[in-house]
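Input: a single structure, listed below in C-alpha coordinates.
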Amino acid sequence: MTKCKNVIIGCGLSGAVLAERIATTLQEEVLVIDRRDHIGGNVFDFKDLETNITVHRYGPHVFHTNHKEVWDYLSRFTSWYRFMYRVKAVIDGQEVGIPFNLDSLYQVFPEKMAVCLEEKLLNRFGFNRKVPILELRKTQDKDLEFLAGYVYEKVFLGYTTKQWGVRPEELEASVSGRVPVYIGRDNRYFQDKYQAIPEQGYTEMVKRMLDNPLIEVCLNTDFKKVRDDLSYDRLFYSGAIDEYFDYEFGNLPYRSLDIVFKTYDMPFYQSGPQLNFPENYDYTRSVEYKYYLNEKSEKTIVSYEYPCAFEPEKNERYYPVPSEDNKALYEKYRQKASGLKNVYFIGRLGGYKYINMDEAVAGALKLFTEVFSS
Ligand code: UDP
(Lines give C-alpha, C1' and ligand atoms only; values in the text may rest on other atoms or scores of the structure.)
Protein backbone atom coordinates (compact mmCIF):
# COMPACT_ATOMS: atom_id res chain seq x y z
CA MET A 1 0.00 0.00 0.00
CA THR A 2 1.40 3.40 -1.04
CA LYS A 3 0.50 6.11 1.42
CA CYS A 4 0.65 9.81 0.60
CA LYS A 5 -1.29 12.60 2.24
CA ASN A 6 -2.23 14.21 -1.06
CA VAL A 7 -2.81 12.31 -4.27
CA ILE A 8 -3.52 14.10 -7.53
CA ILE A 9 -4.77 12.31 -10.59
CA GLY A 10 -3.74 14.01 -13.80
CA CYS A 11 -0.67 16.11 -14.40
CA GLY A 12 -2.28 18.86 -16.48
CA LEU A 13 -2.60 22.49 -15.43
CA SER A 14 -5.18 21.92 -12.67
CA GLY A 15 -3.21 19.09 -11.11
CA ALA A 16 0.10 20.93 -11.34
CA VAL A 17 -1.30 24.07 -9.66
CA LEU A 18 -2.66 22.06 -6.72
CA ALA A 19 0.53 20.03 -6.38
CA GLU A 20 2.62 23.20 -6.38
CA ARG A 21 0.42 25.01 -3.87
CA ILE A 22 0.24 22.09 -1.44
CA ALA A 23 3.98 21.37 -1.57
CA THR A 24 5.16 24.98 -1.51
CA THR A 25 2.84 26.55 1.01
CA LEU A 26 1.90 23.60 3.25
CA GLN A 27 5.15 21.65 2.91
CA GLU A 28 3.12 18.47 2.50
CA GLU A 29 3.94 15.53 0.26
CA VAL A 30 2.08 15.15 -3.01
CA LEU A 31 1.90 12.20 -5.37
CA VAL A 32 0.83 13.07 -8.92
CA ILE A 33 -0.28 10.20 -11.13
CA ASP A 34 -0.84 10.36 -14.87
CA ARG A 35 -1.41 7.59 -17.36
CA ARG A 36 0.35 9.40 -20.17
CA ASP A 37 4.11 9.35 -20.63
CA HIS A 38 4.49 13.10 -20.16
CA ILE A 39 3.52 15.93 -17.83
CA GLY A 40 1.31 18.88 -18.82
CA GLY A 41 -1.86 17.10 -19.92
CA ASN A 42 -3.25 18.71 -23.04
CA VAL A 43 -0.97 21.75 -22.78
CA PHE A 44 2.03 19.51 -23.47
CA ASP A 45 4.41 20.97 -26.06
CA PHE A 46 7.83 19.92 -27.33
CA LYS A 47 10.58 21.14 -29.61
CA ASP A 48 10.56 19.30 -32.91
CA LEU A 49 14.13 18.08 -33.42
CA GLU A 50 14.24 18.49 -37.19
CA THR A 51 13.05 22.10 -37.30
CA ASN A 52 13.60 23.37 -33.75
CA ILE A 53 10.00 24.62 -33.74
CA THR A 54 7.87 24.29 -30.59
CA VAL A 55 4.79 22.23 -31.34
CA HIS A 56 1.63 21.76 -29.24
CA ARG A 57 0.85 18.05 -29.38
CA TYR A 58 -2.81 18.49 -28.42
CA GLY A 59 -3.54 21.50 -30.60
CA PRO A 60 -3.11 25.26 -30.25
CA HIS A 61 -2.88 26.70 -26.74
CA VAL A 62 -2.67 30.47 -26.62
CA PHE A 63 -2.83 31.76 -23.08
CA HIS A 64 -5.16 34.69 -22.44
CA THR A 65 -6.67 36.05 -19.27
CA ASN A 66 -8.02 39.07 -17.49
CA HIS A 67 -7.24 37.53 -14.08
CA LYS A 68 -4.20 39.34 -12.73
CA GLU A 69 -3.91 36.75 -9.96
CA VAL A 70 -3.65 33.91 -12.49
CA TRP A 71 -1.18 35.84 -14.64
CA ASP A 72 1.03 36.71 -11.65
CA TYR A 73 0.88 33.15 -10.36
CA LEU A 74 1.99 31.54 -13.64
CA SER A 75 4.62 34.24 -14.15
CA ARG A 76 6.52 32.72 -11.22
CA PHE A 77 7.22 29.70 -13.41
CA THR A 78 7.73 31.17 -16.84
CA SER A 79 8.69 34.26 -18.77
CA TRP A 80 6.31 35.09 -21.59
CA TYR A 81 6.38 35.83 -25.28
CA ARG A 82 3.63 38.45 -25.60
CA PHE A 83 1.50 37.41 -28.49
CA MET A 84 -1.75 38.85 -29.76
CA TYR A 85 -3.53 36.02 -31.51
CA ARG A 86 -5.00 36.58 -34.96
CA VAL A 87 -7.24 34.11 -36.73
CA LYS A 88 -8.68 34.16 -40.23
CA ALA A 89 -11.41 32.02 -41.70
CA VAL A 90 -11.31 31.07 -45.35
CA ILE A 91 -14.70 32.15 -46.73
CA ASP A 92 -15.38 31.76 -50.42
CA GLY A 93 -11.64 31.55 -50.96
CA GLN A 94 -10.92 34.79 -49.08
CA GLU A 95 -9.18 35.07 -45.70
CA VAL A 96 -11.56 36.97 -43.43
CA GLY A 97 -10.72 38.17 -39.90
CA ILE A 98 -12.31 36.20 -37.03
CA PRO A 99 -14.16 37.11 -34.85
CA PHE A 100 -16.25 38.53 -37.67
CA ASN A 101 -16.18 42.30 -37.01
CA LEU A 102 -16.81 45.64 -38.70
CA ASP A 103 -13.67 45.27 -40.84
CA SER A 104 -14.81 41.78 -41.94
CA LEU A 105 -18.04 43.39 -43.23
CA TYR A 106 -16.00 45.45 -45.69
CA GLN A 107 -14.01 42.41 -46.75
CA VAL A 108 -16.99 40.33 -47.78
CA PHE A 109 -19.64 42.87 -48.92
CA PRO A 110 -19.63 45.73 -51.44
CA GLU A 111 -18.83 49.00 -49.68
CA LYS A 112 -22.33 50.49 -49.87
CA MET A 113 -23.83 47.43 -48.32
CA ALA A 114 -21.13 47.24 -45.63
CA VAL A 115 -21.77 50.89 -44.69
CA CYS A 116 -25.48 50.19 -44.31
CA LEU A 117 -24.90 47.05 -42.21
CA GLU A 118 -22.33 48.80 -40.03
CA GLU A 119 -24.75 51.62 -39.33
CA LYS A 120 -27.52 49.20 -38.44
CA LEU A 121 -25.26 47.21 -36.14
CA LEU A 122 -24.07 50.36 -34.39
CA ASN A 123 -27.61 51.67 -33.95
CA ARG A 124 -28.91 48.39 -32.67
CA PHE A 125 -26.04 47.30 -30.40
CA GLY A 126 -23.54 50.16 -30.04
CA PHE A 127 -19.79 50.22 -30.67
CA ASN A 128 -17.46 47.67 -29.10
CA ARG A 129 -20.21 45.19 -28.29
CA LYS A 130 -19.86 41.44 -28.70
CA VAL A 131 -22.98 39.70 -29.95
CA PRO A 132 -23.21 35.91 -30.05
CA ILE A 133 -24.33 34.70 -33.45
CA LEU A 134 -27.40 32.98 -32.01
CA GLU A 135 -28.47 36.33 -30.54
CA LEU A 136 -27.81 38.22 -33.77
CA ARG A 137 -30.07 35.77 -35.57
CA LYS A 138 -32.99 36.88 -33.41
CA THR A 139 -33.05 40.49 -34.66
CA GLN A 140 -36.19 41.45 -36.54
CA ASP A 141 -34.51 43.89 -38.96
CA LYS A 142 -34.31 42.29 -42.39
CA ASP A 143 -30.80 43.56 -43.22
CA LEU A 144 -29.43 42.34 -39.90
CA GLU A 145 -31.26 39.06 -40.41
CA PHE A 146 -29.50 38.75 -43.75
CA LEU A 147 -26.14 39.49 -42.12
CA ALA A 148 -26.79 37.02 -39.29
CA GLY A 149 -27.77 34.37 -41.83
CA TYR A 150 -24.59 35.01 -43.80
CA VAL A 151 -22.27 34.82 -40.78
CA TYR A 152 -24.12 31.81 -39.37
CA GLU A 153 -23.86 29.98 -42.66
CA LYS A 154 -20.30 31.00 -43.62
CA VAL A 155 -18.51 31.10 -40.26
CA PHE A 156 -20.37 28.89 -37.79
CA LEU A 157 -22.47 26.21 -39.42
CA GLY A 158 -19.84 24.21 -41.27
CA TYR A 159 -17.15 24.63 -38.62
CA THR A 160 -19.45 23.66 -35.75
CA THR A 161 -20.93 20.69 -37.58
CA LYS A 162 -17.40 19.39 -38.19
CA GLN A 163 -16.16 20.23 -34.71
CA TRP A 164 -19.09 18.97 -32.66
CA GLY A 165 -21.11 16.78 -35.01
CA VAL A 166 -24.20 18.98 -34.40
CA ARG A 167 -25.52 22.39 -35.45
CA PRO A 168 -24.66 25.50 -33.34
CA GLU A 169 -28.15 25.76 -31.85
CA GLU A 170 -27.97 22.19 -30.53
CA LEU A 171 -25.14 23.22 -28.20
CA GLU A 172 -25.27 25.63 -25.31
CA ALA A 173 -25.13 29.18 -26.67
CA SER A 174 -21.88 29.74 -24.80
CA VAL A 175 -20.00 27.53 -27.31
CA SER A 176 -20.55 29.66 -30.42
CA GLY A 177 -20.63 32.64 -28.05
CA ARG A 178 -16.90 32.10 -27.43
CA VAL A 179 -16.36 33.67 -30.84
CA PRO A 180 -19.04 36.37 -31.02
CA VAL A 181 -19.70 38.81 -33.82
CA TYR A 182 -17.68 41.79 -32.70
CA ILE A 183 -19.09 45.23 -33.39
CA GLY A 184 -15.69 46.84 -33.24
CA ARG A 185 -12.41 47.12 -35.11
CA ASP A 186 -10.08 45.19 -32.82
CA ASN A 187 -8.81 42.42 -35.08
CA ARG A 188 -7.36 40.24 -32.33
CA TYR A 189 -8.93 36.87 -31.57
CA PHE A 190 -9.06 37.66 -27.84
CA GLN A 191 -9.39 41.00 -26.10
CA ASP A 192 -7.96 39.93 -22.74
CA LYS A 193 -5.44 42.11 -20.96
CA TYR A 194 -2.81 39.39 -20.78
CA GLN A 195 -2.09 37.33 -23.89
CA ALA A 196 1.09 35.33 -24.27
CA ILE A 197 2.83 32.00 -24.74
CA PRO A 198 5.32 30.66 -22.17
CA GLU A 199 8.69 31.53 -23.66
CA GLN A 200 10.25 28.15 -22.88
CA GLY A 201 7.01 26.30 -23.57
CA TYR A 202 4.11 25.00 -21.46
CA THR A 203 5.86 21.75 -20.60
CA GLU A 204 8.80 23.64 -19.10
CA MET A 205 6.41 25.86 -17.14
CA VAL A 206 4.63 22.82 -15.67
CA LYS A 207 7.99 21.15 -14.98
CA ARG A 208 9.03 24.15 -12.90
CA MET A 209 5.74 24.05 -11.00
CA LEU A 210 6.41 20.45 -10.07
CA ASP A 211 10.07 21.01 -9.25
CA ASN A 212 9.84 20.40 -5.52
CA PRO A 213 11.28 17.44 -3.57
CA LEU A 214 7.90 17.01 -1.90
CA ILE A 215 6.24 16.30 -5.27
CA GLU A 216 6.55 12.87 -6.82
CA VAL A 217 5.26 12.39 -10.35
CA CYS A 218 4.32 8.91 -11.50
CA LEU A 219 3.80 8.76 -15.27
CA ASN A 220 2.56 5.81 -17.34
CA THR A 221 0.34 4.93 -14.40
CA ASP A 222 -3.38 4.34 -14.69
CA PHE A 223 -5.27 5.37 -11.56
CA LYS A 224 -7.80 2.58 -12.15
CA LYS A 225 -5.05 -0.01 -11.85
CA VAL A 226 -3.47 1.42 -8.69
CA ARG A 227 -6.43 2.91 -6.83
CA ASP A 228 -6.80 -0.07 -4.49
CA ASP A 229 -3.15 0.19 -3.50
CA LEU A 230 -3.31 3.89 -2.67
CA SER A 231 -4.09 5.44 0.64
CA TYR A 232 -4.46 9.19 1.06
CA ASP A 233 -6.07 11.92 3.13
CA ARG A 234 -7.20 13.84 0.07
CA LEU A 235 -7.64 13.01 -3.59
CA PHE A 236 -7.76 15.64 -6.32
CA TYR A 237 -9.05 14.07 -9.49
CA SER A 238 -8.69 15.77 -12.87
CA GLY A 239 -9.65 12.74 -14.93
CA ALA A 240 -13.12 12.24 -16.37
CA ILE A 241 -15.75 12.14 -13.64
CA ASP A 242 -17.82 9.43 -15.41
CA GLU A 243 -14.76 7.19 -15.58
CA TYR A 244 -14.12 7.68 -11.85
CA PHE A 245 -17.56 6.22 -11.15
CA ASP A 246 -17.16 3.41 -13.69
CA TYR A 247 -19.69 5.02 -16.04
CA GLU A 248 -22.47 4.13 -13.58
CA PHE A 249 -24.99 6.54 -15.11
CA GLY A 250 -23.67 6.20 -18.67
CA ASN A 251 -20.87 7.81 -20.69
CA LEU A 252 -20.48 11.55 -20.78
CA PRO A 253 -19.80 12.42 -24.42
CA TYR A 254 -16.59 14.13 -25.44
CA ARG A 255 -15.16 15.33 -28.73
CA SER A 256 -11.70 14.29 -29.69
CA LEU A 257 -9.28 15.44 -32.37
CA ASP A 258 -7.08 13.62 -34.78
CA ILE A 259 -4.29 16.13 -35.29
CA VAL A 260 -2.06 15.65 -38.33
CA PHE A 261 1.28 17.49 -38.33
CA LYS A 262 3.04 18.27 -41.59
CA THR A 263 6.52 19.67 -42.08
CA TYR A 264 6.98 21.87 -45.14
CA ASP A 265 10.32 22.69 -46.69
CA MET A 266 9.69 26.44 -46.84
CA PRO A 267 10.02 29.28 -44.29
CA PHE A 268 6.26 29.97 -44.05
CA TYR A 269 3.25 28.03 -45.31
CA GLN A 270 0.23 30.21 -44.48
CA SER A 271 -0.42 33.91 -43.92
CA GLY A 272 -0.73 33.73 -40.14
CA PRO A 273 -0.79 31.41 -37.13
CA GLN A 274 -4.33 30.06 -37.58
CA LEU A 275 -6.69 29.58 -40.49
CA ASN A 276 -10.22 28.28 -39.90
CA PHE A 277 -12.04 26.33 -42.57
CA PRO A 278 -15.80 26.52 -42.03
CA GLU A 279 -16.31 25.38 -45.63
CA ASN A 280 -14.64 22.53 -47.47
CA TYR A 281 -12.11 20.00 -46.10
CA ASP A 282 -12.61 17.59 -43.21
CA TYR A 283 -10.35 19.56 -40.87
CA THR A 284 -11.54 22.62 -38.97
CA ARG A 285 -8.33 24.62 -38.77
CA SER A 286 -4.66 24.71 -39.63
CA VAL A 287 -2.10 26.11 -37.22
CA GLU A 288 1.45 27.14 -38.13
CA TYR A 289 3.44 26.92 -34.92
CA LYS A 290 6.53 28.97 -35.69
CA TYR A 291 4.42 32.13 -35.41
CA TYR A 292 3.73 31.38 -31.74
CA LEU A 293 7.20 32.09 -30.40
CA ASN A 294 8.53 33.81 -33.51
CA GLU A 295 10.90 30.88 -34.02
CA LYS A 296 13.31 30.94 -36.95
CA SER A 297 13.69 27.93 -39.21
CA GLU A 298 14.10 27.20 -42.91
CA LYS A 299 11.18 24.78 -42.52
CA THR A 300 7.76 25.09 -40.97
CA ILE A 301 5.24 22.85 -39.18
CA VAL A 302 1.49 23.06 -39.70
CA SER A 303 -1.16 21.02 -37.87
CA TYR A 304 -4.57 20.05 -39.23
CA GLU A 305 -7.37 19.18 -36.80
CA TYR A 306 -9.85 16.47 -37.74
CA PRO A 307 -12.59 16.33 -35.09
CA CYS A 308 -14.13 13.01 -34.10
CA ALA A 309 -16.05 11.43 -31.24
CA PHE A 310 -14.08 10.37 -28.17
CA GLU A 311 -13.79 6.62 -27.83
CA PRO A 312 -12.28 5.15 -24.64
CA GLU A 313 -8.88 3.46 -25.16
CA LYS A 314 -8.79 4.76 -28.74
CA ASN A 315 -8.24 8.51 -28.55
CA GLU A 316 -8.09 11.35 -26.03
CA ARG A 317 -10.78 13.51 -24.47
CA TYR A 318 -10.47 17.11 -25.65
CA TYR A 319 -13.84 18.80 -25.26
CA PRO A 320 -16.87 18.11 -23.06
CA VAL A 321 -19.97 18.59 -25.22
CA PRO A 322 -22.07 21.37 -23.64
CA SER A 323 -25.75 20.52 -24.13
CA GLU A 324 -28.80 20.25 -21.89
CA ASP A 325 -28.83 16.44 -21.88
CA ASN A 326 -25.14 16.16 -21.10
CA LYS A 327 -25.43 18.73 -18.34
CA ALA A 328 -28.21 16.68 -16.76
CA LEU A 329 -26.10 13.52 -16.94
CA TYR A 330 -23.10 15.32 -15.47
CA GLU A 331 -25.32 16.59 -12.65
CA LYS A 332 -25.93 12.97 -11.57
CA TYR A 333 -22.20 12.40 -11.30
CA ARG A 334 -21.71 15.72 -9.52
CA GLN A 335 -24.34 14.80 -6.93
CA LYS A 336 -22.66 11.48 -6.34
CA ALA A 337 -19.27 13.19 -6.08
CA SER A 338 -20.55 15.67 -3.51
CA GLY A 339 -21.28 12.71 -1.20
CA LEU A 340 -17.60 11.73 -1.14
CA LYS A 341 -15.38 13.04 1.61
CA ASN A 342 -12.00 14.49 0.69
CA VAL A 343 -12.28 13.74 -3.02
CA TYR A 344 -12.26 16.82 -5.25
CA PHE A 345 -12.96 16.88 -8.98
CA ILE A 346 -11.01 19.47 -10.94
CA GLY A 347 -10.32 20.72 -14.45
CA ARG A 348 -12.12 20.30 -17.77
CA LEU A 349 -12.79 16.60 -17.30
CA GLY A 350 -13.42 16.59 -13.55
CA GLY A 351 -16.01 19.36 -13.89
CA TYR A 352 -17.20 18.39 -17.41
CA LYS A 353 -16.84 22.02 -18.40
CA TYR A 354 -15.39 23.65 -21.52
CA ILE A 355 -12.96 25.90 -19.66
CA ASN A 356 -9.89 27.78 -20.83
CA MET A 357 -6.42 27.43 -19.34
CA ASP A 358 -6.78 30.48 -17.11
CA GLU A 359 -10.06 29.15 -15.72
CA ALA A 360 -8.38 25.84 -14.92
CA VAL A 361 -5.65 27.69 -13.00
CA ALA A 362 -8.15 30.01 -11.27
CA GLY A 363 -10.32 27.01 -10.31
CA ALA A 364 -7.39 25.11 -8.81
CA LEU A 365 -6.17 28.16 -6.87
CA LYS A 366 -9.67 28.71 -5.52
CA LEU A 367 -10.11 25.09 -4.52
CA PHE A 368 -6.77 25.14 -2.76
CA THR A 369 -7.88 28.10 -0.66
CA GLU A 370 -11.25 26.53 0.10
CA VAL A 371 -9.89 23.15 1.11
CA PHE A 372 -6.98 24.31 3.17
CA SER A 373 -8.34 27.38 4.86
CA SER A 374 -11.31 25.62 6.40
N1 UDP B 1 -16.51 28.56 -34.20
C2 UDP B 1 -16.98 28.51 -35.50
N3 UDP B 1 -16.23 29.05 -36.51
C4 UDP B 1 -15.04 29.63 -36.29
C5 UDP B 1 -14.54 29.67 -34.97
C6 UDP B 1 -15.31 29.12 -33.95
O7 UDP B 1 -18.06 27.97 -35.74
O8 UDP B 1 -14.39 30.10 -37.25
C9 UDP B 1 -17.34 27.97 -33.13
C10 UDP B 1 -17.16 26.45 -33.09
O11 UDP B 1 -18.35 25.87 -32.63
C12 UDP B 1 -16.06 26.31 -32.07
C13 UDP B 1 -16.45 27.38 -31.06
O14 UDP B 1 -16.95 28.46 -31.86
O15 UDP B 1 -15.99 25.02 -31.53
C16 UDP B 1 -15.35 27.84 -30.15
O17 UDP B 1 -14.23 28.25 -30.89
P18 UDP B 1 -12.80 28.38 -30.22
O19 UDP B 1 -11.89 29.00 -31.21
O20 UDP B 1 -12.93 29.05 -28.91
O21 UDP B 1 -12.43 26.84 -30.02
P22 UDP B 1 -11.19 26.11 -29.29
O23 UDP B 1 -9.96 26.91 -29.59
O24 UDP B 1 -11.52 26.04 -27.83
O25 UDP B 1 -11.19 24.77 -29.95
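Just follow the structure's listing: the first ligand is 1, and inside any ligand the first atom is 1. For reference, positions follow the sequence shown, starting with 1.
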Discussion item. Show me the pairs that pass side-chain hydrogen bond (donor to acceptor under 3.5 Å, both in side chains) and involve residues 111-122, at least two apart or across chains.
Written reply: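 Qualifying pairs, neighbours excluded: Tyr106-Glu118, Glu118-Arg185, Lys120-Asp141, Lys120-Asp143.
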So, [X] and [Y], do they make that salt bridge, N to O below 4.0 Å?
X	Y	result
Glu316	Arg57	no
Arg36	Asp34	no
Glu243	Lys224	yes
Glu359	Lys353	no

Worksheet item: Using the ring of each side chain (for Trp, its six-membered ring), is Phe109 parallel, tilted or perpendicular to Phe146, with breaks at 30° and 60°?
Response: tilted
Practice prompt. Identify, chain by chain and in numerical order, each protein residue with a heavy atom under 4.0 Å from an atom of ligand 1.
Written response: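 Residue list for ligand 1: Val155, Phe156, Tyr159, Thr160, Gln163, Trp164, Val175, Arg178, Val179, Tyr189, Asn276, Arg285, Tyr319, Tyr354.
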